Amino acid sequence: MMLPWPYPDDPAFGPSGDPEPESEDLRLAALVAQRLAIDWVTRRQQITVAVQNRVVILSGTVASPDAREVAGDLAWDVPGVFDVCNTLRMPVRRRGPR
C-alpha cells in the first residue's frame, strides 16, 4: 500500500487562508489600544496592551477603579477576544507622618 505524500509546493496542502496567530494577536492589540485611546475615561491613562492567543493582557496604572473597569469592558467588547486579564492598578497613596 502506498500513501501519498504532498510536495511542499502543492497548493492543495498550502495555507488554508486562516490568519497567522501572531497577526491575529497584533490585530486584536491594535483594536483594543484604539478603543482605549478614544474613550474619555481611559484615554489619558498609562495602559499597556498585550495579546497572546487572543487573550488581552492589560497592565499599567489608572487613576480610578472606574477607569480600570471601563478598560476591561472595552477590551471584552472587541470581536475575537477570548479572555481579558486585567492587571491594571491604581497608584498607592502614601499617608504623611502620624
Side-chain angles (χ1 to χ4, degrees):
M1 180 169 177
M2 185 181 230
L3 295 173
W5 192 262
Y7 289 103
D9 58 350
D10 188 352
F13 296 97
S16 63
D18 294 336
E20 292 291 324
E22 295 90 23
S23 65
E24 179 67 12
D25 288 348
L26 288 173
R27 184 186 71 80
L28 290 174
L31 288 173
V32 171
Q34 181 182 24
R35 289 193 180 194
L36 293 173
I38 292 172
D39 190 89
W40 285 99
V41 177
T42 58
R43 69 186 309 171
R44 300 205 186 267
Q45 307 299 317
Q46 297 176 352
I47 301 174
T48 302
V49 178
V51 180
Q52 294 179 352
N53 298 324
R54 296 181 13 216
V55 176
V56 176
I57 303 162
L58 301 174
S59 59
T61 47
V62 291
S64 68
D66 289 335
R68 182 181 189 275
E69 183 178 350
V70 168
D73 291 343
L74 289 171
W76 267 114
D77 286 342
V78 173
V81 169
F82 181 73
D83 197 5
V84 175
C85 179
N86 191 344
T87 63
L88 293 171
R89 296 180 296 167
M90 277 71 65
V92 177
R93 296 182 189 208
R94 297 186 180 168
R95 293 189 200 176
R98 290 184 179 182

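For clarity, every value in this text was computed on a predicted model and none was experimentally measured. By convention here, the first residue in the shown sequence is residue 1.
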Non-hydrogen side-chain atoms of [X] and [Y] separated by less than 4.5 Å:
X   : Y   : value
T48 : L58 : no
R35 : V32 : no
P65 : M90 : yes
V70 : D39 : yes
I47 : L88 : yes
D83 : V56 : no

Can you name the closest pair of heavy atoms from Q45 and A63 and give their distance?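 Between these two residues, the closest heavy atoms are OE1-N, 2.7 Å.
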
Least distance between heavy atoms, V81 atom then W76 atom: O-CZ3, 4.5 Å

Please check if the side chain of [X] supplies one atom and the backbone of [Y] the other of a donor-acceptor pair under 3.5 Å.
X   : Y   : answer
D25 : R54 : yes
N86 : A71 : no
R89 : S59 : no
Q46 : V62 : no

With a 6.0 Å cut-off (strictly less than), is the heavy-atom count around CZ of R43, excluding the residue itself, greater than 12? yes

Determine whether V41 and V49 fall in the same hydrophobic cluster, where Ile, Leu, Val, Met, Phe, Trp and Tyr are linked whenever their side-chain heavy atoms lie under 4.5 Å apart. yes

Distance from Q34 atom CD to I38 atom CD1, nearest 0.5 Å?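 These two atoms lie 4.5 Å from each other.
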
Working note: T42 + L74, criterion side-chain contact (heavy atoms from CB on, under 4.5 Å); need CA distance, chi angles, decisive distance, verdict. CA-CA 10 Å; T42 58; L74 289 171; 3.9 Å; yes

